[in-house]
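Naming: A, B, ... by sequence-line order, numbering from 1 per chain. Scope of the values below: all heavy atoms of this structure, side chains included, with no hydrogens, waters or symmetry mates.
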Amino acid sequence: MVKNKFNIKECEEKWRAFWEKEGIFKFDLKSKKKIYSVDTPPPTVSGKMHIGHAASYSQQDFLIRYKRMAGFNVFYPFGTDDNGLPTERLVEKTKGIRASDMPRDKFVQLCMKLLKEKFQQEYLEDWKRIGISCDWDILYSTIDDNSRKIAQWSFLDLFKKGRVYRKDAPAMWCPECQTGISQAECEDKSLESSFNTIVFKVEGKDLAIDTTRPELLPACVAIFYHPEDKRYKSLKSKSAKVPLFDFEVKIMEDERVDPEKGTGIVMCCTFGDQTDMEWQRAYNLEIKEAIDKTGKMTSLSGAYKGMPVKEARKKIISDLRDAGLLLNQKPIVHDVKVHERCGAEIEFVKSTQWFVKYLDLKKEMLKWGENLNWHPKFMFHRYANWVKGLQWDWLISRQRYFGISFPVWYCKKCGEIKIAEEKQLPVDPMQDKPLKKCSCGSEEFIPEKDVLDTWFTSSMTPRLSIELIDKKIWENLFPMSLRPQAHDIISFWLFNTVVKSNLHYGKNPFKEVAISGFVLDPHGKKMSKSKGNVVAPQDVVEEYGADALRFWASSVKLGDDISYQEKDLVAGKKFINKILNASRFVFMNLEKYGGKKKPKKLEVLDELFLDQLNSVIRDCTESFEKYEYSKVKSRAENFFWQDFTDNYLEIVKKRVYQGKGDKKLSAQYTLYQALLTLIKLFAPITPFITEEIYQEYFKKLEKDKSIHLSEWPKEIKAKGDKKTWQRTLEILAQVRQAKSKAQKSMNSEIILSLDKEDLTLIEKVKEDLMAVTGAKEINEGEFKVVFV
RNA sequence: GGUCCCAUGGUCUAGUGGUUAUGACGACUCGUUUACACCGAGUAGAUCGACGGUUCGAUUCCGUCUGGGACCACCA
């Protein structure tokens with residue numbers, strides 16, 4: 001018997017340990033059941049799970065637990081994304097060191113050690129604690145040998161297919177992190193700056209041009225105006241003298257200029273922004289580098305050499321002012337591209353980088369996305385939007401320490417690219433050598449020092465997890481059934497995985513996509529450290545339990561943002577208490593038959609109730625099939641509370657307390673079946689408390705080791721009609737109302753009058769109705785409650 | 001600038017071409033010794049964001065607008 005004083009925390013820890021020890025969620029290689037495979041998102045190791053993770057992973061877990069009960073052999077692995085910058089940062093912070101102060105291999109070793117011994121295990125605890133039903137033995141890290149091997153294989157395969165290339169190109173560069181970054185890694189940030197009107201000289205006359213980046217003057221290569229702008233028509237093909245630096249540049253026309261903006265005439269510098277790069281390519285302009293990779297001015301800038309960008313900007317502005325070449329300056333707030341991981345302003349610099357060629361595949365990319373089954377559907381727009389907006393090939397090289405190496409060397413003599421052979425993977429070009437000589441005969445090679453973009457590896461997650469257990473089952477597991485994830489990484493992880501899979505295998509990596517929304521604060525605002533409105537899931541679990549947190553996460557539709565409301569957590573906790581008590585009541589009254597024995601004939605009221613239960617089963621099953629777990633929750637919850645506990649339990653109380661024979665047996669059978677059904681319906685959402693109830697009461701009579709391995713409920717044979725059930729409840733409510741009005745106890749005895757229609761309708765449940773209303777008799781007449 | 005999502009009692013929300021528009025929290029009034037005070041029953045509380053259109057009928061479908069949010073682009 002479950003004790004009255006119930007300890008949620010102990011309960012949850014107990015069943016979590018049980019699931020792990022008994023391997024309840026283990027993928028069964030030998031099973032003949034149909035497979036349901038999940039491409040679980042590998043969260044970036046950052047020390048702690050945040051509340052958005054908690055909600056999103058809970059939501060995917062509802063769907064997956066349902067599939068398991070619905071008879072699938074579930075492949076649900078887990079991985080952590082832990083190569084690259086975030087881990088470097090975490091290691092630097094934890095150890096109080098800087099990567100640049102120590103030898104590269106030492107630092108990498110330290111990262112690996114900390115990851116394995118500390119970060120990954122500690123991090124996983126949070127996921128285990130909220131009851132994510134992964135097979136924790138299928139656990140990868142995006143930096144482990146298996147992942148290195150697969151990521152490098154991916155590179156080799158793309159290389160052979162002509163899909164990767166190395167090129168000198170303007171690349172987005174983070175001066176803080178000292179690495180190239182991809183389009184997906186930038187974000188916009190509003191920063192204060194100034195709009196400066198400065199004076200160029202054309203044939204001795206002043207030409208005013210607006211710029212926010214005067215420090216790029218030394219890299220100025222041309223000046224553009226709109227071809228239809230009459231103000232500047234006369235300047236066509238003339239030259240302008242650049243202030244302070246005294247060299248001349250050509251004045252040209254181009255439609256990309258907006259005549260409305262500022263002075264309507266613009267200087268083009270290498271590389272101020274995207275348009276500058278387009279002009280450089282279009283007109284084959286000179287490339288001048290004014291800023292180096294550390295974010296300092298180059299020798300091109302003469303006196304300003306070595307200054308950081310912002311300092312140089314200040315100095316140049318003041319020098320312009322002194323020289324009378326600054327006509328105007330007004331402060332503005334504008335959006336600047338920054339690196340999302342560190343917040344530093346992005347610069348475009350010329351560097352040699354590796355790219356995946358895919359800009360030619362936009363049409364195909366759209367088709368690939370269309371072929372996925374999106375839940376909810378509108379999330380596809382995000383994908384399509386991203387594809388349509390792509391302007392660059394995928395930059396995959398990163399100038400970092402901790403990451404997966406390119407399996408590449410360059411011949412010291414002829415410079416040819418030498419790629420590794422598949423059999424030597426995973427390879428570290430800095431330690432290992434190519435297996436064969438270069439075609440020029442040289443045996444000396446220079447290793448590629450760059451590492452692969454994290455997303456290059458994590459876009460291989462289906463394979464990272466599958467190959468961890470057995471290569472042979474690839475055909476059975478791939479494409480995977482489900483890709484669950486939050487909407488923020490559609491353009492990163494999802495998009496890249498789709499691209500990679502199609503390039504490598506010619507097919508999509510998964511069939512269904514379940515996209516979850518975001519967690520907002522109680523006022524619907526985004527949570528952020530700076531606002532101080534962040535809620536830690538660990539605290540929530542500590543206070544309310546994992547089931548309550550999951551109960552909260554289940555209350556919102558897939559894809560909708562959910563706001564954190566403390567009262568929702570309270571509701572979850574109350575639900576747990578209620579279902580525990582209801583179970584106590586049921587089993588207190590089951591005696592020796594335990595509710596398994598079916599009476600010869602079910603009481604009419606019991607059939608009416610079971611009929612309602614059946615419609616709940618139907619609705620919940622249908623909803624789960626459509627990935628609508630929130631409907632399952634609300635349907636089952638309403639039925640449990642309103643039909644089961646508030647009414648059915650009250651109605652049959654007297655029958656189980658005092659009844660005899662089949663009448664009692666019928667109630668016992670119904671209680672048993674209904675409760676078992678209900679805990680099964682809730683099992684995917686609140687797995688702990690339902691396991692507790694199952695193990696405590698049902699286990700000895702049911703065969704399954706765990707409720708989570710039991711069969712999803714099927715309809716129970718019963719004849720009933722909705723109308724009679726509802727009318728019975730309405731009459732009961734009317735009686736309660738009358739008692740409440742008269743300030744009488746609900747137990748008080750009455751004489752009840754019902755009109756003829758009602759009387760006929762409830763004839764077959766009259767005895768039960770009398771018991772629950774406390775009616776000594778029910779007469780025909782206008783509705784009336786008389787107290788005796 | 002483009003695309004998308006959202007708007008329902010004080011708060012959070014369910015839902016529908018015709019319903020007394022759902023539930024929870026909160027408020028108020030009662031009640032209770034064989035599941036539960038982490039309780040039960042009852043009451044009040046909503047012109048379903050605004051304006052147009054389609055329709056016999058719109059909270060629901062369409063359009064416009066307002067407000068909130070997201071993604072992308074631009075940002076000299």
Side-chain angles (χ1 to χ4, degrees), chain A residues 2 4 6 183-184 187-188 190 193 195-198 209-214 216 223-225 256-258 261-269 272-276 332-337 376 378-391 487-488 490-491 517-518 520 522-526 555-557 559-568 570-589 630-631 633-635 637-638 641-642 645-646 649-650 653-654 656-658 732-733 735-748:
Chain A
V2 177
N4 206 356
F6 178 70
Q183 194 176 336
E187 64 184 8
D188 288 346
S190 280
S193 182
F195 210 55
N196 310 286
T197 309
I198 59 183
I209 297 182
D210 282 337
T211 180
T212 53
R213 303 205 59 186
L216 287 177
I223 286 168
F224 288 97
Y225 63 89
R256 275 164 278 209
V257 178
D258 178 0
K261 204 156 193 165
T263 47
I265 187 159
V266 54
M267 65 175 195
C268 168
C269 308
D273 62 26
Q274 180 112 4
T275 324
D276 289 345
I332 53 160
V333 174
H334 67 163
D335 288 345
V336 178
K337 265 195 174 49
F378 67 79
M379 288 294 181
F380 168 66
H381 293 297
R382 300 270 181 101
Y383 175 96
N385 230 3
W386 171 256
V387 170
K388 287 174 192 158
L390 274 180
Q391 308 200 37
H487 61 68
D488 56 331
I490 290 175
S491 47
F518 260 41
L520 305 172
H523 311 288
K525 300 274 173 223
K526 219 170 165 174
S555 60
V556 68
K557 274 200 293 266
D560 273 10
D561 291 343
I562 179 171
S563 77
Y564 178 83
Q565 304 285 340
E566 188 127 19
K567 67 188 178 62
D568 291 340
V570 175
K573 210 172 166 184
K574 278 189 179 179
F575 166 75
I576 290 160
N577 185 55
K578 189 79 175 176
I579 200 163
L580 216 43
N581 278 309
S583 305
R584 215 150 76 96
F585 168 79
V586 168
F587 280 87
M588 203 176 257
N589 293 297
S630 64
K631 284 193 184 171
K633 185 250 188 183
S634 65
R635 183 75 168 99
E637 186 190 11
N638 285 341
W641 217 290
Q642 285 147 30
T645 62
D646 286 355
L649 292 191
E650 293 302 323
K653 256 182 190 170
K654 284 215 173 120
V656 290
Y657 290 153
Q658 291 145 21
L732 174 54
V735 173
R736 283 169 171 167
Q737 202 174 346
K739 287 184 178 180
S740 197
K741 225 175 228 167
Q743 304 202 345
K744 296 275 188 185
S745 132
M746 286 301 134
N747 295 345
S748 52

Nearest heavy atom decides the nucleotide; on that basis, is G559(A) or T645(A) closer to the 5' end of RNA chain B? G559(A)
Please give the nucleotide sitting opposite U34(B) as a Watson-Crick or G-U wobble pair, both distances under 3.5 Å, or none. none
Partner of G67(B) by Watson-Crick or G-U wobble geometry, both contacts under 3.5 Å, or none? C6(B)
C1' gap between C4(B) and A73(B), integer Å: 15 Å
Could you work out which one of A24(B), A41(B), C36(B) sits closest to the side chain of N581(A)? C36(B)
Relative to the 5' end of RNA chain B, which residue comes earlier, D488(A) or N196(A), by the nucleotide with the nearest heavy atom? D488(A)
Distance between C1' atoms of U8(B) and A24(B) (Å, rounded): 15 Å
Can you tell which of G31(B), G40(B), A24(B) lies closest to the side chain of A571(A)? A24(B)
Who is the Watson-Crick or G-U wobble partner of U29(B), with both distances under 3.5 Å? A41(B)
Would you say K739(A)'s side chain and M746(A)'s backbone share a donor-acceptor pair under 3.5 angstrom? yes
Of the listed nucleotides (G42(B), C75(B), C12(B)), which one gets closest to any side-chain atom of D273(A)? C75(B)
Measure from the side chain of K578(A), starting at C-beta and using heavy atoms only, and say which of A41(B), G40(B), G15(B) lies closest. G40(B)
Using the C1' atoms only, state how far C28(B) lies from G10(B), rounded to an integer number of Å. 14 Å
Any donor-acceptor pair under 3.5 Å between the side chain of K573(A) and the base of C38(B)? no
Donor-acceptor under 3.5 Å (S748(A) side chain, K744(A) main chain): no
Euclidean distance for C1', U47(B) against G23(B) (whole angstrom): 22 Å
Write down the distance separating the C1' atoms in A46(B) and A14(B), rounded off to the nearest Å. 14 Å
Measure the distance from CG on L580(A) to C1' on C39(B) and round it to the nearest whole Å. 15 Å
Considering just the side-chain nitrogens and oxygens of Q737(A), establish if one lies under 4.0 Å of OP1 or OP2 belonging to U43(B). yes
Please list each protein N or O that sits under 3.5 Å from an N or O in nucleotides 26-30 of chain B, with the distance.
none

Between G45(B) and A27(B) - C1' atom distance, rounded Å: 9 Å
Set of ring-ring contact (aromatic ring centres under 6.0 Å, His included) partners for F224(A), sequence neighbours left out: W279(A), Y283(A)
Qualifying residues under salt bridge (Lys or Arg N to Asp or Glu O under 4.0 Å), relative to K633(A), sequence neighbours excluded: E637(A)
Which nucleotide, in any strand shown, forms a Watson-Crick or G-U wobble pair with U16(B), with both distances under 3.5 Å? none
Looking at residues at least two apart in the chain, or sitting in another chain, which of them share a side chain to side chain donor-acceptor pair (under 3.5 Å) with R635(A)? S615(A), D619(A)
Polar atom pairs (N or O), protein with nucleotides 1-4 of chain B, under 3.5 Å:
{"from": "G2(B)", "atom 1": "N2", "to": "N385(A)", "atom 2": "ND2", "distance (Å)": "2.9"}

Consider the side chain of D646(A), meaning its heavy atoms from C-beta on, and name the nucleotide among G42(B), G15(B), A41(B) that approaches it most closely. A41(B)
Interatomic distance at P, C56(B) relative to U16(B), whole Å: 24 Å
Expressed in whole Å, how much space separates the C1' atoms belonging to G9(B) and U22(B)? 12 Å
Any idea which of G42(B), U22(B), A14(B) is nearest the N638(A) side chain? U22(B)
Could you tell me which residues satisfy ring-ring contact (aromatic ring centres under 6.0 Å, His included) with F575(A), sequence neighbours excluded, listed by chain and number? F551(A), F640(A), F682(A)
Ignoring hydrogens and angles, tell me if any N or O in the side chain of S583(A) forms a donor-acceptor pair with the backbone of I579(A) under 3.5 Å. yes
Would you tell me if any nitrogen or oxygen in the side chain of K741(A) comes within less than 4.0 Å of OP1 or OP2 on G31(B)? no
Residues in side chain to side chain contact (heavy atoms under 4.5 Å, CB included) contact with T197(A), at least two apart in sequence or another chain: A208(A), D210(A), T263(A), L327(A), N328(A)
Watson-Crick/G-U partner (both atom distances under 3.5 Å) of G1(B): C72(B)
For V656(A), what residues pass the side chain to side chain contact (heavy atoms under 4.5 Å, CB included) criterion, not counting sequence neighbours? F585(A), N589(A), A667(A), Q668(A), L671(A)
Determine whether a donor-acceptor pair (N or O, by modelled atom type, separation under 3.5 Å) exists between the side chain of D560(A) and the backbone of V556(A). no
Does T275(A) make a side-chain N or O approach to OP1 or OP2 of C75(B) shorter than 4.0 Å? yes
Partners passing side chain to side chain contact (heavy atoms under 4.5 Å, CB included) against D258(A) (at least two apart in sequence or in another chain): E260(A), K261(A)
Candidate nucleotides A73(B), C36(B), C12(B), ranked by approach to the side chain of K567(A) - the nearest: C12(B)
Starting at atom CZ of F575(A), determine the distance to atom P of C38(B), rounded to an integer number of angstrom. 19 Å
Taking any strand in view, what nucleotide pairs with A21(B) in a Watson-Crick or G-U wobble way, both distances under 3.5 Å? none
